[in-house]
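As a basis for the values below, the full set of heavy atoms in this structure was taken, side chains included, without hydrogen atoms, waters or symmetry mates. Everything quoted here is computed from the prediction, not taken from an experiment.
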Protein chains: 4
Amino acid sequence: MNWGVILAPYKQVVEELKVKLKGMRIQYEYECSHSPIEFITGRVKPVQSILEKAEKKKIPLNNIEEEIQDIAGLRVVCPFVDDIYMVVDMIRERKDLTVIEEKDYIEKNKESGYRSYHMIIEYPVETIHGMKHVLAEIQIRTLAMNFWATNEHSLNYKYKGKIPEKIKARLKLAAEAAFMLDEEMSKIRDEVQEAQRIFHKK
Amino acid sequence: MNWGVILAPYKQVVEELKVKLKGMRIQYEYECSHSPIEFITGRVKPVQSILEKAEKKKIPLNNIEEEIQDIAGLRVVCPFVDDIYMVVDMIRERKDLTVIEEKDYIEKNKESGYRSYHMIIEYPVETIHGMKHVLAEIQIRTLAMNFWATNEHSLNYKYKGKIPEKIKARLKLAAEAAFMLDEEMSKIRDEVQEAQRIFHKK
Amino acid sequence: MNWGVILAPYKQVVEELKVKLKGMRIQYEYECSHSPIEFITGRVKPVQSILEKAEKKKIPLNNIEEEIQDIAGLRVVCPFVDDIYMVVDMIRERKDLTVIEEKDYIEKNKESGYRSYHMIIEYPVETIHGMKHVLAEIQIRTLAMNFWATNEHSLNYKYKGKIPEKIKARLKLAAEAAFMLDEEMSKIRDEVQEAQRIFHKK
Amino acid sequence: MNWGVILAPYKQVVEELKVKLKGMRIQYEYECSHSPIEFITGRVKPVQSILEKAEKKKIPLNNIEEEIQDIAGLRVVCPFVDDIYMVVDMIRERKDLTVIEEKDYIEKNKESGYRSYHMIIEYPVETIHGMKHVLAEIQIRTLAMNFWATNEHSLNYKYKGKIPEKIKARLKLAAEAAFMLDEEMSKIRDEVQEAQRIFHKK
């Protein structure tokens, strides 16, 4: 398999979506209002990880493009929890992509402590051989959720998916601390908005 | 007028088209074939130049978005003259934009010596207030044409559009030298392709 | 005052230090070891903020370059608290800059809850008029400290330095949550390193 | 050999020199004067090319860093021929690098038609293991020279260094056309500068 050629449209999708999502943040800044987006990152899944996922989930190699939904992956990091749902709404309303599936791991977080909002979308991309519809996953989370998830990911990698119980317990405590940080920050956001409402009433 | 807010969608269009056109070049490289694109640049017209153009062409300020077609501007620079027409074809076939108008200043170059292919396109861009259709100009030219045009542009700017006759004559000689360079390079391209054809026949 | 010309060397210093500090992160990744750097940002202080600081601290305009030490500002964000001191050591040992002053607001955090490590450095930069020594401030902090500080900065800006007591109290609670997150994460880092030590002893 | 680790300092040098040379262009723009630099590119020589050069020149693998001088390569592209010598002077005067060797292939161009100014420099770079002195090559040329050289490079690659005589002859004609374009453009530069001198005398 020529992975360079197979993954080229996915690279293109990641680049286009990065520019499109960053555009939302920049437009908020122009209008001098609070931006619900702190930063955006994107990546194409490494070939090694695609092969491992295909083997684990028993996906034949020629079904990869339909059945592995996160070959193209975007991450939107937000300052506050409420901003996440604002970003989700904006993505739902775009005409240049179609939302296929949504999973809310914030309302109902994973056993491990993982919290994030996931959207699977379908995106039409122009290639030198014509138009192609490609799947991509967008993960939306706060800074605290992202910090926790980054560390869990490294540990999972180091322990090949089998994190020792003692460290798992520690990770849960850290997830609670991250959750508390988000909670405290949300209260500040509310205070500020309330202060603004009082101010504008006068 | 809040120019930051007015120009924000144009900035977004320039960023998106830059990524999309660069994508074509990268895909050619993955497939190891000759890329018809050397590099791509883009810019939003400075406010000062928009105002000057509006005044000169007597365009009322609230018609600017419909009547000034190059607020968003992209430039595609190609190695060879034939590559220009290949890029034009690829742009015509894209489903994510609509070609409104084309001007071929290569077949029939301007009095000044200027040569380039111009396309006016309409591009749908998602903003934080919903979708918007925006005009953009794509200029397609060779390296030699680009070099000449860059220098002419500086001189025009310096002399406020009234380049002295003596320098105008010099510019025409330079335009001829640029044209000759493109001609010589085209012959090399033909030689190479012929050599390849002979090779593949064996 | 031509601020464009005055600030040009500072812009250059920010760009050079960004590339140099990013280089440290990339080199760690090549050698496949834990990088103490998560990301780096940089900025030149906006003219408005320079003028406000000069007025507040009664600095005459022609002493600005000697007395305002953070016209060029860099920020290094680290995953763990211990990483901060590792970065501080690496900066101290560089031959291409001189450390002038250090302030540890982590050991002894500010009244507000602010935590970060600050270094003032002197950096020789080549300009088109010859070499020039420029001051710059490097702030080094964890992701949690950075998240808190970003929010405090916005609130300070909104309330023009006079955050209401009620919100100040909330900010302190958030600072404690950020501190706890760092503590929990540090324990995970220790666990992992201990696990590795046990592993290597066998 | 772990090429990732060996080449990491060269990548760093290319990044630092790119930012430093770009800085010169930006500073000229701030001061609103003609910039002698059009654009800058940089690359680390691919491993394959390093190995081929080592074999061809019979350089043992552990002497590579001393004997192959263009592992780190920078290219400065100038609008006019005179700008090249201005850039050369500025590089000679920098205190953050040492010029080791210079070759003027403009005064005395290569048999093939190749024209460019080459400088070999030594640059001290900080790595995570301390300071290291690294060699780099800076090529300085006009847009026309660059265009010609890019095409010659592709042909050399295609024909593995043995370009057929017929195409070689064509390339020489193209080199002459590029030379003429530079000549014509130089005359315009002189005209403009003379016009400015007359203007300022008044």
Go through A/Glu16, A/Lys22, A/His129 and name the one with the most non-hydrogen pairs under 4.5 angstrom from chain B. A/Glu16

If you count heavy atoms of other groups shown closer than 6.0 angstrom to NE2 of A/His153, is the number above 12? no

For each of B/Met90, B/Lys20, B/Met24, B/Glu15, tally heavy-atom pairs with chain A at distances under 4.5 Å, and name the one with the top tally. B/Lys20

Heavy atom to heavy atom, less than 4.5 Å: which residues from residues 93-108 of chain B reach chain A? B/Glu93, B/Arg94, B/Lys95, B/Asp96

So which residues of residues 5-12 of chain B are in contact with chain A at a heavy-atom cut-off of under 4.5 Å? B/Val5, B/Ala8, B/Lys11, B/Gln12

Show the nearest heavy-atom pair for residues B/Gln27 and A/Ile128, with the distance to one decimal. OE1-N, 3.1 Å

Tell me which donor-acceptor pairs under 3.5 Å the side chains of residues 180-187 of chain B have, and how far apart each pair is, sequence neighbours excluded?
from, atom 1, to, atom 2, distance (Å)
B/Asp182, OD1, B/Thr142, OG1, 3.2
B/Asp182, OD2, B/Thr142, OG1, 2.8
B/Ser186, OG, B/Asp182, O, 3.1

With a cut-off of 6.0 Å (strictly less than), are more than 12 heavy atoms of other residues, nucleotides or ligands near CD of B/Glu55? no

Within residues 109-127 of chain B, which residues come under 4.5 Å of chain A, heavy atom to heavy atom? B/Tyr123, B/Glu126, B/Thr127

